[in-house]
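The structure appears below as structure tokens.
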Amino acid sequence: MKITSINLKNAFKVILLPVFVYILFFVCSGGNFGKPSSIIMNLKQTLTPTLISYAMCCNMLCDRMDLSAGAVVMLSAMFGAKMVYLYGIGLVPFVLLVVGAGIVLGTVSGIMYMLLKVPAIVTALGVCMVYETLSNLASISWVTAVSGEITTLGRFPWCLVIFAVMFVLFYIIFNHTKFGYHVRACASSQQIAKSAGVDTKKTAFLCYVVSALFLGVAALLKISIQGSIDTPMYMSSTNIIFNCMLGIYVGLALEPYCNLLIGIFVGNFILNMLTTGLLSMGLSASLQDTASGVFLLIIMIFTYNNQRVLDFINSRKQRRELAEAHQ
């Protein structure tokens with residue numbers, strides 16, 4: 001009974017954050033924000049960033065920043081669209097090509113990291129620039145688009161089915177496999193994990209392989225939902241992953257109250273609501289970026305100082321109780 005009560009309280013705390021954001025923007029926008037159709041669209045737009053967050057999660061927990069993830073998604077989607085344009089392939093070959101391209105490109109990123117033995121962020125930047133160059137060479141125009149049957153998986157309920165399958169798969173991988181245990185051990189301390197017998201190099205490579213699979217599926221959902229992909233230039237592909245990183249940080253902040261995967265999904269949903277809410281208030285793109293940055297700062301402060309804040313609140317409460325007892 002006590003465990004059920006704690007779980008209900010934690011669930012309430014997790015739900016409270018998106019509800020608060022919803023009410024805030026509903027009031028501030030004068031009712032322009034929060035219509036059922038916009039909430040459904042927010043849910044749909046949350047699916048791809050959440051999959052990218054899952055792809056980046058293992059590497060980020062182990063202090064590896066894979067900035068090439070956005071380029072992998074865009075190049076994989078563009079490759080599939082290019083094959084549709086050139087050869088008129090059907091849905092099944094399109095799915096296999098896009099997901100397969102994501103797996104290959106993401107795995108290549110991991111191989112480069114293992115071979116070069118330089119910091120992950122340096123490798124990721126180099127790989128990102130190479131992939132963006134390939135995207136430019138592969139594009140037939142500034143925008144690569146698909147339509148008709150090819151976008152079937154971007155519609156309801158198929159997009160939700162694909163997301164649910166990948167959610168369950170990542171849940172099993174992260175929580176119930178030897179690899180998942182090794183990732184969490186490396187996240188705590190790579191030196192201690194290595195001393196305990198964990199092959200940190202193998203774990204690092206497997207992080208990239210798992211990431212590659214989810215990036216491939218994310219590319220499939222992205223182009224299926226949007227119907228087009230812009231050609232990345234001047235590191236613009238990194239814009240995709242910054243909000244996904246925010247989603248991971250929100251998930252880490254919510255982890256004491258729910259599973260990390262649920263927290264990441266809630267984080268991405270909140271960020272999509274944040275963007276839509278600011279847009280409904282008529283704010284410019286630059287102000288939206290500023291607001292997102294402030295939101296990240298607040299989340300980071302809370303994530304890394306929440307125990308200190310809780311200790312401060314508890315000490316104040318104890319002092320107040322002692323003062324009342326002496327009266």
Side-chain angles (χ1 to χ4, degrees), residues 1-31 33-34 39 42 46 50 53 57 60-63 171 174-175 180-181 183-193 242-278 280-281 283 287-327:
M1 189 69 179
K2 186 177 180 181
I3 295 176
T4 303
S5 176
I6 293 173
N7 289 336
L8 287 174
K9 287 181 181 178
N10 289 339
F12 175 75
K13 290 176 183 178
V14 172
I15 295 172
L16 187 63
L17 187 55
V19 169
F20 171 76
V21 174
Y22 174 86
I23 294 173
L24 175 66
F25 284 113
F26 182 81
V27 173
C28 293
S29 65
F33 171 81
I39 295 299
N42 273 333
T46 300
T50 303
S53 294
C57 180
M60 283 189 62
L61 289 177
C62 297
D63 296 326
Y171 181 87
F174 190 75
N175 293 290
Y181 297 138
V183 168
R184 291 198 293 278
C186 292
S188 298
S189 172
Q190 295 211 27
Q191 290 296 330
I192 295 176
F242 286 135
N243 276 346
C244 301
M245 289 165 54
L246 285 173
I248 295 174
Y249 288 127
V250 175
L252 290 171
L254 294 176
E255 191 176 12
Y257 313 109
C258 66
N259 187 273
L260 177 60
L261 278 69
I262 297 174
I264 290 174
F265 173 78
V266 172
N268 280 289
F269 185 70
I270 291 171
L271 289 166
N272 268 293
M273 278 206 299
L274 182 68
T275 301
T276 307
L278 293 172
S280 68
M281 294 172 60
L283 295 183
L287 288 176
Q288 291 180 34
D289 292 339
T290 302
S292 297
V294 171
F295 186 73
L296 171 62
L297 183 61
I298 294 171
I299 291 297
M300 291 290 288
I301 290 172
F302 177 79
T303 301
Y304 291 101
N305 296 279
N306 58 348
Q307 191 58 49
R308 292 173 60 188
V309 172
L310 291 174
D311 290 343
F312 174 76
I313 294 172
N314 289 332
S315 64
R316 287 284 300 272
K317 184 178 178 180
Q318 290 174 0
R319 284 199 298 268
R320 186 164 57 249
E321 290 175 351
L322 288 172
E324 290 175 354
H326 287 299
Q327 288 178 355

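Residue numbers count from 1 along this sequence.
- Partners of Phe12 according to the ring-ring contact (aromatic ring centres under 6.0 Å, His included) rule, which considers only residues two or more places apart in sequence or in another chain, do not exist here.
- None of Val14, Ile15, Leu17, Leu16 except one satisfies the side chain to side chain contact (heavy atoms under 4.5 Å, CB included) rule with Tyr257; the exception is Val14.
- Put simply, the side chain of Arg184 gets close to the backbone of Phe174: a donor and an acceptor are under 3.5 Å apart.
- One distance of note links CE of Met245 with SG of Cys57; it measures 12.5 Å at 0.5 Å rounding.
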Determine all donor-acceptor pairs shorter than 3.5 Å in which one atom belongs to a side chain in residues 259-271; sequence neighbours excluded.
residue, atom, partner, partner atom, Å
Asn259, OD1, Leu261, N, 2.9
Asn268, ND2, Ser53, OG, 3.1
Asn268, ND2, Ile264, O, 3.0

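- Cys186 and Cys62 get closest at one heavy-atom pair: CB-SG, 3.7 Å.
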Pair Tyr181, Asn175 - check side chain to side chain contact (heavy atoms under 4.5 Å, CB included), show working. CA-CA 7 Å; Tyr181 297 138; Asn175 293 290; over 6 Å; no

Could you give me the CA-CA distance, side-chain angles and deciding distance for Met273 and Phe25, then say whether side chain to side chain contact (heavy atoms under 4.5 Å, CB included) is met? CA-CA 9 Å; Met273 278 206 299; Phe25 284 113; 5.7 Å; no

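- The side-chain contact (heavy atoms from CB on, under 4.5 Å) check on Ser189 picks up Gln191, Ile192, with sequence neighbours excluded.
- Here the straight-line distance linking atom OG1 of Thr276 with atom CG of Asn42 works out to 3.5 Å at 0.5 Å rounding.
- Enclosure of atom CZ in Phe26 is not indicated, since only 12 or fewer non-hydrogen atoms of other residues, nucleotides or ligands lie within 6.0 angstrom.
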